[in-house]
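What follows is a short report on a single structure.
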Amino acid sequence: MTLSALATFAIFLCLIIGSVFTLVAGIGLVKLNDSMARLHAPTKAGTLGIGAFLVASMINSFTFGDGALHELLIMGFLFVTAPVSANFIAKVTIHKGACMTPPPPPQDDNWATLSTPDDGQKPDEPTRA
Amino acid sequence: MKQALRWLLPHPSLTLLLTLVWVLLQQTYSPGMAVFGLILGIVIPISTARWWPDRPGRFRLLPMFSYVLLVVWDIIVANIQVAWIVLTRPNARIRSTWVIVPLDLRTPEAITVLAGTITLTPGTVSADLSDEGHSLLVHALDTDDPDAVRDDIKNRYERRLKEIFE
């Protein structure tokens, strides 16, 4: 009995934490005014916000149900795919020139997004949107 | 014998991972499902080996585990910091900037894990790699000292990844 009460409180706490961070991510998405800065908000909700929800779900299934480990899979896939999509959005932003132009790399010729196939021409400048 | 084993298991760690994912996907555990997962884990790497000829390099498991714990802790701490910045700081006073991180890592797997770690820890997003892979372009949400961010990434993550992968 006490165990299930304890579990209920733990679930409650995780849900609160998850909703607070998801809310902050939403607020950040609306409030920040630069597309690169705005990218910071959703990638973060994906980590702590959804992580807390999944922990809540896991505690729930182990205390009141059969106990399932699907949440670990969700977390794993999420942590692998979130940086990839964030990276794509960042690359598009750099291409469209919708952010500060990145400084040139110290050692190589150019950033991979901006470099063009080597046909003797200079790499393009990012186009101004 | 070695040839045959290499043909049968082109990516042993992928086989292990696929089997584990299949078992985790099942609602109830049964030996039959584990065997089916193992079959999938053998067939899928064989059929995709053509597009993935090289085996990924070895990495050490125990330091990897402590690295994951470190990153999870950093995600929690930094999330609170970023939430504070988003909620309390007016837009005009958020000093976001580009940070260039010169890379000592050379293996693609290690660089991928580093870039993923940078994106997952709040406050920084890895945006791009230089065309020959010598430096990483990172966007920091709010910092007054880009050099400190760079040194932090290099000391905290890159040094550990170098131990794990190289």
Side-chain angles (χ1 to χ4, degrees), chain A residues 17 20-21 23-25 27-29 31-34 36-37 39-41 43-49 51-52 66 68-73 76-87 89-91 93-94 99-115 118 123, chain B residues 17 20-29 68 71-72 75-80 82-87 89-92 94 96-103 112-113 115-142 146:
Chain A
I17 292 173
V20 165
F21 279 102
L23 180 68
V24 170
I27 292 174
L29 202 60
K31 183 201 154 210
L32 297 170
N33 50 5
D34 175 70
M36 264 320 279
L39 184 59
H40 285 272
T43 50
K44 271 75 245 189
T47 54
L48 195 56
D66 300 335
L69 289 172
H70 295 171
E71 285 84 357
L72 287 181
L73 277 185
F77 285 132
L78 202 71
F79 274 39
V80 171
T81 52
V84 179
S85 53
N87 191 249
I89 298 172
K91 277 174 185 282
T93 314
I94 293 175
C99 56
M100 289 178 293
T101 317
Q107 211 171 345
D108 301 333
D109 294 337
N110 208 343
W111 298 107
T113 308
L114 299 175
S115 70
D118 197 13
Chain B
L17 187 71
L20 190 71
V21 166
W22 182 259
V23 170
L24 278 179
L25 269 175
Q26 303 307 316
Q27 197 69 50
T28 50
Y29 305 107
V68 168
V71 170
V72 167
I75 286 173
I76 294 172
V77 171
N79 241 311
I80 296 167
V82 168
W84 188 250
I85 290 171
V86 165
L87 290 179
R89 197 77 67 79
N91 275 343
I94 292 181
S96 48
T97 180
W98 294 107
V99 179
I100 295 175
V101 182
L103 288 172
T112 310
V113 174
T117 309
I118 291 170
T119 302
L120 283 177
T121 43
T124 48
V125 167
S126 53
D128 208 356
L129 194 68
S130 67
D131 51 7
E132 278 159 56
H134 286 108
S135 36
L136 199 64
L137 181 66
V138 174
H139 188 266
L141 177 63
D142 178 68

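Below, read A as the first sequence line, B as the second, and so on, with proteins coming before strands; counting in each chain starts at 1.
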[X] side, atom [atom1]; [Y] side, atom [atom2] - distance, nearest 0.5 Å:
X      : Y      : atom1 : atom2 : answer
A:K91  : B:L137 : NZ    : CG    : 9.5 Å
A:L39  : B:L141 : CG    : CG    : 10.0 Å
B:T119 : A:F79  : OG1   : CZ    : 12.5 Å

Heavy-atom contact with chain A under 4.5 Å, split by part of [X]:
X      : result
B:T112 : neither
B:T124 : backbone
B:I80  : both
B:L136 : backbone
B:A78  : neither

Pairs under 3.5 angstrom only: tabulate donor-acceptor contacts from the side chains of residues 96-103 of chain B to other protein residues two or more places apart or in another chain.
from, atom 1, to, atom 2, distance (Å)
B:W98, NE1, A:M100, O, 2.9

Across all chains, not counting sequence neighbours, the salt bridge (Lys or Arg N to Asp or Glu O under 4.0 Å) partners of A:K31 are none
Note: vs chain A, highest number of non-hydrogen pairs under 4.5 angstrom among B:T121, B:L24, B:V72 is B:L24
Per-residue tally against chain A (heavy atom, under 4.5 Å) across B:V82, B:I75, B:L120 peaks at B:L120
Max heavy-atom pairs within cutoff under 4.5 Å with chain B, candidates A:L32, A:V84, A:I27, A:I89, goes to A:L32
Nearest heavy-atom approach of B:Q26 to A:H70 is O-NE2, 3.5 Å
- Backbone N/O of B:S126 and side chain of A:N87: donor-acceptor pair under 3.5 Å: yes
